[in-house]
Trainee: 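Can you read through this structure? Questions will come right after.
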Amino acid sequence: MDIQKPSIPRGTRDFGTIETVRRNYIFNTIKEIFQLFGYAPIETPAMENLSTLMGKYGEEGDKLLFKILNSGDFLSSVSASELENGDSNNISALISEKGLRYDLTVPFARYVVQHFNEITFPFKRYQIQPVWRADRPQKGRYREFYQCDADVIGSNSQINEAELVQIIDEVFKRLKINVTVKFNNRKILAGIAETIGRPGELIPLTIAMDKLEKAGLEKVVAELKANGFSDENISKLKPVLEFIGDTEAKLTFLQSMLQGSETGLKGLKEINSFLDYLKNIKITADVELDLTLARGLNYYTGAIFEVKAKDVSIGSICGGGRYDDLTGIFGLKNVSGVGISFGADRIYDVLEQLTLFPQEVSGGSKVLFVNFGNKEEKICMSYLPELRKNNISAEIYPDPAKLKKQMNYANAKSVAYVVLVGEDEINEGKITVKNMITGSQEKTTLEHLIAEILNP
RNA sequence: GUGGAUGUAGCUCAGCUGGUUAGAGCGCUGGAUUGUGGUUCCAGAGGUCGCCGGUUCGAACCCGGUCUUCCACCCCA
């Protein structure tokens with residue numbers, strides 16, 4: 001039999017011990033903050049019915065869904081003529097009815113509708129699980145990655161938006177990442193579309209506007225023209241694209257521009273309410289209104305957020321928004337929700353690039369007992385529980401290997417103290433403790449070692 | 001999904017216009033030091049040159065395909 005070189009699918013990764021400990025540091029930080037704000041955890045399955053997932057993320061999203069082949073004789077449901085036609089889309093619908101989740105928001109909406117009777121509203125939940133996208137991987141883009149979501153469903157108040165910004169601020173403050181929180185409102189974008197004379201063409205408009213920062217005004221205009229926007233449409237839009245000023249100035253400008261649009265004015269009202277709540281909160285991060293912020297996910301209808309790291313260029317590390325009717329498609333009308341999603345894997349990349357991971361995130365033992373042989377290891381075995389009882393992680397080297405090898409092991413695992421108990425120590429009822437950081441060494445007792453570690 | 005790069009030891013990389021036996025640093029193992037790591041010195045192990053095929057007397061090197069990683073679009077966390 002051939003030995004095959006093992007590998008994992010592209011865009012997926014193994015995590016070593018250091019990486020896992022560091023990732024847990026991110027997850028734990030986020031989880032702690034979520035709980036601090038009263039969010040409770042749920043989990044949903046890795047796979048959902050495709051009918052739940054399809055059509056929720058736009059055309060692009062459907063393409064990026066990982067589909068799971070039906071079990072058993074999956075071809076039996078395909079007729080010969082369909083096979084002959086070779087329409088992949090058609091056939092895939094026949095042979096696959098499950099898919100891996102693409103995000104956590106849509107499964108959450110499904111969950112809310114399905115468990116409506118058990119839930120007390122407003123429902124604040126958090127969820128930290130992997131999601132999968134059949135995207136082409138590159139830096140900061142993986143096919144399996146973790147999202148850390150917090151959502152409030154069943155409340156229209158902008159107090160939720162303000163709270164989510166507060167959570168974002170708190171999380172990145174603790175992780176020591178400088179960020180800018182950009183926000184916008186889909187209703188305002190809809191109002192702009194209306195005002196320039198292209199109501200209902202929100203999506204092509206926003207996709208083009210989104211490129212302003214990256215591609216520049218000319219490219220945006222060119223794309224709009226290609227999508228059938230007239231010169232008059234574009235000249236009406238230009239003041240928006242060219243506007244320079246702070247959040248307040250933008251709002252004043254929009255107030256007069258959107259007079260004719262009911263939706264647009266509603267969006268303005270939402271933003272003003274949101275900002276009003278925010279005034280009472282001390283926020284460290286920069287928070288700014290960005291009219292070119294669009295975000296692709298189709299289900300957003302109100303506020304939208306995006307968070308960027310100031311010191312690293314990696315795309316957004318957190319995003320979110322309000323969806324007024326995501327549960328509607330599953331039969332539950334008039335339930336509005338708003339949520340944010342932290343991208344743990346990108347946050348990892350940011351922390352690594354800025355070397356912001358705390359030192360103590362190592363994962364090894366604090367104390368290692370050297371193994372000198374059968375008689376000595378038994379004494380060590382009796383000491384170990386004493387340390388662990390005091391919440392000090394400790395281990396004994398399992399084999400009576402050469403001392404050099406055991407010291408090397410301690411060094412590689414960044415163990416702080418190595419304890420040597422040989423014949424001399426046994427006779428004296430003491431232990432020899434070597435401090436691996438300073439290199440100094442002294443004969444002492446177990447009690448003294450414990451005391452030193454607990455009260456440095 | 002479109003376009004462009006990339007792949008040589010565990011890691012980072014050298015390897016001339018195709019020419020005998022493919023190299024370095026770091027790491028690893030052993031020794032100098034039989035109860036002392038992180039510094040030093042010596043020795044050693046480790047390679048289907050991503051994979052498959054083609055051109056050639058001869059391929060790590062040229063050509064085709066495929067996979068990987070990366071970059072730009074698209075989109076996104």
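The chains referred to below are lettered A, B, ... by the order of the sequence lines, with proteins before strands, and numbering in each begins at 1.
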Trainee: If you go through the side-chain atoms of A:Glu425, does one of them form a donor-acceptor pair with the base of B:G35 closer than 3.5 Å?
Mentor: yes
Trainee: To the nearest 0.5 Å, what is the distance between CE (A:Met209) and CG (A:Asp290)?
Mentor: 8.5 Å
Trainee: Hey, is CD on A:Glu242 packed in by over 12 heavy atoms from elsewhere, all under 6.0 Å?
Mentor: yes
Trainee: In whole angstrom, what separates A:Gln147's CD from B:A77's C1'?
Mentor: 6 Å
Trainee: Using the benzene-type ring in the case of Trp, are the ring centres of A:Tyr39 and A:Tyr126 under 6.0 Å apart?
Mentor: no
Trainee: What's the NZ-P distance between A:Lys405 and B:G38, to the nearest Å?
Mentor: 14 Å
Trainee: Using the C1' atom in both, what is the distance from B:C76 to B:G23, to the nearest Å?
Mentor: 43 Å
Trainee: Taking atom C1' in both B:G10 and B:G64, compute the distance separating them and give it to the nearest angstrom.
Mentor: 32 Å
Trainee: Hey, does A:Gly11 reach any base, or is it just sugar-phosphate, or nothing, if we go heavy atoms under 4.0 Å?
Mentor: sugar-phosphate
Trainee: Taking atom types as they are modelled, would you say the side chain of A:Arg346 forms a donor-acceptor pair with the base of B:C76 within the 3.5 Å cutoff?
Mentor: yes
Trainee: Would you kindly check whether a donor in the side chain of A:Arg136 faces an acceptor in the base of B:U69, or vice versa, at under 3.5 angstrom?
Mentor: no
Trainee: How would you label the contact of A:Glu223 with the nucleic acid (heavy atoms, under 4.0 Å): base, sugar-phosphate, or nothing?
Mentor: nothing
Trainee: By nearest heavy atom, map A:Lys63 and A:Pro137 onto RNA chain B; which one lands nearer the 5' end?
Mentor: A:Lys63
Trainee: Looking at A:Phe66 versus A:Tyr102, is the centre-to-centre ring distance below 6.0 Å?
Mentor: no
Trainee: Below 30° counts as parallel, above 60° as perpendicular, anything between as tilted: where do the rings of A:Tyr397 and A:Tyr409 land?
Mentor: perpendicular
Trainee: Is there a donor-acceptor pair under 3.5 Å between the side chain of A:Asn49 and the backbone N or O of A:Ser51?
Mentor: no
Trainee: Could you tell me the separation between the CZ atom of A:Arg13 and the CD atom of A:Glu19, rounded to the nearest 0.5 Å?
Mentor: 8.5 Å
Trainee: Do other residues, nucleotides or ligands put more than 12 heavy atoms under 6.0 Å from A:Lys225 NZ?
Mentor: no
Trainee: Give me the distance, rounded to whole Å, that separates B:C42 from B:C26 when you measure between the P atoms they each carry.
Mentor: 11 Å
Trainee: Is there a side-chain contact between A:Phe372 and A:Ile379 in this structure, where contact means two heavy atoms from C-beta onward sitting under 4.5 Å apart?
Mentor: no
Trainee: Without decimals, in angstroms, what is the distance between A:Arg13 CZ and B:U69 P?
Mentor: 11 Å
Trainee: Should the side chain of A:Asn411 and the base of B:G37 be counted as holding a donor-acceptor pair, with the cut-off at 3.5 Å?
Mentor: yes
Trainee: May I have the distance from A:Phe172 (atom CZ) to B:A77 (atom P), rounded to whole angstrom?
Mentor: 13 Å
Trainee: With the six-membered base ring of B:A77 as reference, does the ring of A:Phe145 sit under 5.5 Å away with planes under 30° apart?
Mentor: yes
Trainee: Measure CG/A:Asp149 against P/B:C76 and give the value in whole Å, please.
Mentor: 16 Å
Trainee: Would you say the base of B:U36 and the side-chain of A:Gln406 have a donor-acceptor pair closer than 3.5 Å?
Mentor: no
Trainee: Using the P atoms only, state how far B:U66 lies from B:G3, rounded to an integer number of Å.
Mentor: 12 Å
Trainee: Between B:A77 and B:U2, how far apart are the P atoms? Round to whole Å, please.
Mentor: 23 Å
Trainee: Please classify the nucleic acid contact of A:Lys402 as base, sugar-phosphate, or nothing, using heavy-atom distances under 4.0 Å.
Mentor: sugar-phosphate
Trainee: Return no unless some side-chain N or O of A:Gln138 is found under 4.0 Å from OP1 or OP2 of B:U69.
Mentor: no
Trainee: With a non-hydrogen cut-off below 4.0 angstrom, is A:Lys211 in contact with a base, only sugar-phosphate, or nothing?
Mentor: sugar-phosphate
Trainee: Does the ring centre of A:Tyr146 sit less than 6.0 Å away from the ring centre of A:Phe342?
Mentor: no
Trainee: Taking for each residue the nucleotide of RNA chain B bearing the nearest heavy atom, is the 5' side occupied by A:Tyr146 or by A:Met436?
Mentor: A:Met436
Trainee: B:G37 base to A:Lys434 side chain: any donor-acceptor pair below 3.5 Å?
Mentor: yes
Trainee: Does a side-chain N or O of A:Arg141 approach OP1 or OP2 of B:C76 to a distance below 4.0 Å, or not?
Mentor: no
Trainee: Cationic tip of A:Arg125 within the cone over A:Phe108's six-membered ring, i.e. under 6.0 Å and within 45° of the normal?
Mentor: yes
Trainee: Rounded to the nearest Å, what distance is computed from the CG atom of residue A:Leu403 to the P atom of nucleotide B:U34?
Mentor: 11 Å
Trainee: Indicate whether OP1 or OP2 belonging to B:C75 is found under 4.0 Å from a side-chain N or O atom of A:Arg133.
Mentor: no
Trainee: Looking for any heavy atom pair under 4.0 Å, which part of the strands does A:Ile437 touch: base, sugar-phosphate only, or nothing?
Mentor: base
Trainee: Do the non-hydrogen side-chain atoms of A:Val112 and A:Phe123 ever get within less than 4.5 Å of each other?
Mentor: yes
Trainee: Classify the nucleic acid contact of A:Tyr142 as base, sugar-phosphate or nothing, counting any heavy atom under 4.0 Å across all strands shown.
Mentor: base
Trainee: Whole angstrom is fine here: how far is it from CD1 in A:Ile304 over to P in B:C76?
Mentor: 11 Å
Trainee: Base, sugar-phosphate alone, or nothing: which one does A:Ile347 contact when heavy atoms must sit under 4.0 Å apart?
Mentor: nothing
Trainee: With rounding to the closest Å, how many angstrom separate the P atoms on B:G27 and B:U12?
Mentor: 15 Å
Trainee: Just checking A:Asn408: base, sugar-phosphate only, or nothing, at a heavy-atom cut-off of under 4.0 Å?
Mentor: sugar-phosphate
Trainee: Please list, in numerical order, the residues of residues 416-423 of chain A that have a heavy atom closer than 4.0 Å to any atom of RNA chain B.
Mentor: A:Leu420, A:Gly422, A:Glu423
Trainee: Determine the stems involving RNA chain B; a stem requires 3 or more consecutive pairs of the Watson-Crick or G-U wobble kind, each with both distances below 3.5 Å, and the answer is none if no such run exists.
Mentor: B:1-5 with B:69-73, B:10-13 with B:23-26, B:28-32 with B:40-44, B:50-54 with B:62-66
Trainee: For atom P, what is the distance between B:A22 and B:C16, given to the nearest Å?
Mentor: 15 Å
Trainee: Parallel, tilted or perpendicular for A:Tyr299 and A:Tyr323, by the 30°/60° rule?
Mentor: perpendicular
Trainee: B:U34, OP1 or OP2 - any side-chain N/O from A:Lys404 closer than 4.0 Å?
Mentor: no
Trainee: Whole-Å distance between B:A72 P and A:Lys139 NZ?
Mentor: 10 Å
Trainee: Taking any heavy-atom pair under 4.0 Å as a contact, classify A:Gly439: base, sugar-phosphate, or nothing.
Mentor: base
